[in-house]
Amino acid sequence: MSHSVRVFSSLEALAQSIAAILIKDLDRIESDHYYTLALSGGSAAEYIFSYLSDNYADRISWEKLLVFWVDERCVSPDDDESNYRMAYESLLQNVPIPDANIFRIRGEDDPSAEARQYSELVTSMVPEYRGIPQFDLMLLGLGGDGHIASIFHDRPDLFTTGRLFEVVTRPDKKQKRITATGRLINNSLKVYFIVVGKEKATVVSQVIEGKSGSELYPATRIMPASGHLVWMLDTGAASLLKS
Ligand code: 6PG
């Protein structure tokens, strides 16, 4: 499993690189096709979304995107904790993407029922590869404890389940969430980690360099079958990497 690591001297440069990837990929999309993008929550994602909103609202073919979420907190869409609210306010309401192209996880509904319904929605909307929906691009953050999406260290079963989305409880805050599973994440065509800040340097070096103890981190189990895994880091997050 190969991956590439790109280190940026500024958040702006990292965001510009994400924009360039979207522009390049969208230019290749056939006229009657869509590009399926799955978003994570978190502050790194929010920065990228805001930057794209401020600088690329009229430079990206937003109408070619279908937007989904990797995970969602089980709250209403207007809650401060909502990943949908964060993405909508920082990006989606500011760019010309049709509302019909935005598929939020309904955090306000019964979690088990919504995990099933969202799995069915993704299955119906996202083209499959090897019988599993395959997102064109999945953006992931990295928690300080090595979690990704809402897959925390106490749920290794989320990398062996046959389901696409499952209900979890965040171990520390006891917050219910709905998350994509390893099966879905690792079937993506491209997976990009976006990790910034010196406070992430330790976990980044543990995961990328396979340091002892990191094997329990969910992030170490992200290995898209396509082989296309990219770490997008700022100099702070990359500061403990040897190479
Ligand atoms: C969530 C996210 C989560 C996030 C990481 C990184 O719902 O909280 O999906 O996986 O991406 O915790 O968050 P930061 O960028 O804020 O560190």
Side-chain angles (χ1 to χ4, degrees), residues 8 11 14-15 18 37-52 67-77 79-92 103-108 111 114-115 118 122 135 137-155 158-159 164-182 184-186 188 191-208 214 216-222 229-240:
F8 298 86
L11 293 187
L14 194 162
I18 295 285
L37 173 64
L39 305 179
S40 283
S43 54
E46 185 168 16
Y47 176 86
I48 299 297
F49 299 163
S50 298
Y51 191 88
L52 294 177
V67 174
F68 301 82
W69 274 261
V70 173
D71 64 340
E72 183 57 279
R73 293 81 181 275
C74 293
V75 296
S76 69
D79 191 292
D80 287 345
E81 280 285 303
S82 167
N83 285 343
Y84 162 77
R85 175 178 171 181
M86 180 274 280
Y88 187 77
E89 291 183 347
S90 59
L91 176 63
L92 300 175
F103 303 91
R104 70 179 180 90
I105 298 173
R106 296 179 57 83
E108 69 274 29
E114 179 57 13
Y118 201 69
V122 166
F135 284 102
L137 176 60
M138 192 170 273
L139 298 180
L140 296 180
L142 177 65
D145 58 358
H147 82 259
I148 52 94
S150 285
I151 302 182
F152 297 94
H153 55 80
D154 64 336
R155 291 296 303 273
L158 294 178
F159 284 99
L164 302 179
F165 287 85
E166 292 253 25
V167 181
V168 303
T169 300
R170 179 172 174 142
D172 52 357
K173 299 179 180 173
K174 305 305 178 202
Q175 182 187 53
K176 270 196 182 297
R177 298 186 171 194
I178 292 170
T179 186
T181 61
L184 181 61
I185 295 171
N186 281 329
S188 302
V191 176
Y192 276 60
F193 274 106
I194 300 172
V195 192
V196 302
K198 207 167 179 58
E199 71 279 5
K200 292 290 173 69
T202 300
V203 66
V204 164
S205 68
Q206 287 174 318
V207 173
I208 289 179
S214 66
L216 297 176
Y217 292 163
T220 58
R221 301 185 66 175
I222 298 305
L229 172 63
V230 180
W231 289 84
M232 305 284 275
L233 310 173
D234 73 343
T235 47
S239 57
L240 294 181

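Whatever order the structure lists them in is the order used to number ligands and atoms, beginning at 1.
- When only non-hydrogen protein atoms are considered, atom 15 (O) of ligand 1 lies nearest to Ala44 N, 3.2 Å.
- The line from CZ of Phe165 to CZ of Phe68 is 9.0 Å long, rounded to the nearest 0.5 Å.
- Atom CZ of residue Phe103 and atom OH of residue Tyr118 lie 8.5 Å apart, to the nearest 0.5 angstrom.
- Note on Asp79 versus Arg73: no salt bridge recorded, every NZ/NE/NH1/NH2 to OD/OE distance being 4.0 Å or above.
- Between the side chains of Tyr84 and Glu72, not a single donor N or O lies within less than 3.5 Å of an accepting N or O.
- Using a 4.0 Å cut-off to heavy atoms of Ser43, the atoms of ligand 1 that qualify are 14 (P), 15 (O), 16 (O).
- Ligand 1 places these atoms under 4.0 Å from at least one heavy atom of Asp71: 1 (C), 2 (C), 7 (O), 9 (O).
- Atom 5 (C) of ligand 1 has its nearest heavy-atom neighbour, among Arg73, Met86, Glu72, His147, in His147.
- At a 4.0 Å heavy-atom cut-off, ligand 1 touches Asn83 through the side chain alone.
- Summarising the contacts of atom 10 (O) of ligand 1 with Gly141, Ala149, Ser40, Ala180, the nearest heavy atom is found in Ala149.
- Taking atom 11 (O) of ligand 1 as the reference point, the nearest protein heavy-atom neighbour is Gly41 O, 2.9 Å.
- Side-chain polar atoms of Thr179 and Asp71 form no donor-acceptor pair below 3.5 angstrom.
- Looking at Ile222 and Ile185, their side chains come closer than 4.5 Å, going by heavy atoms from C-beta outward.
- With a 4.5 Å cut-off on side-chain heavy atoms, Phe193 and Leu233 do not count as touching.
- At the shortest separation from atom 13 (O) of ligand 1 among protein heavy atoms lies Gly42 CA, 3.6 Å.
- Atom 17 (O) of ligand 1 has as its closest protein heavy atom Lys200 NZ, 2.4 Å.
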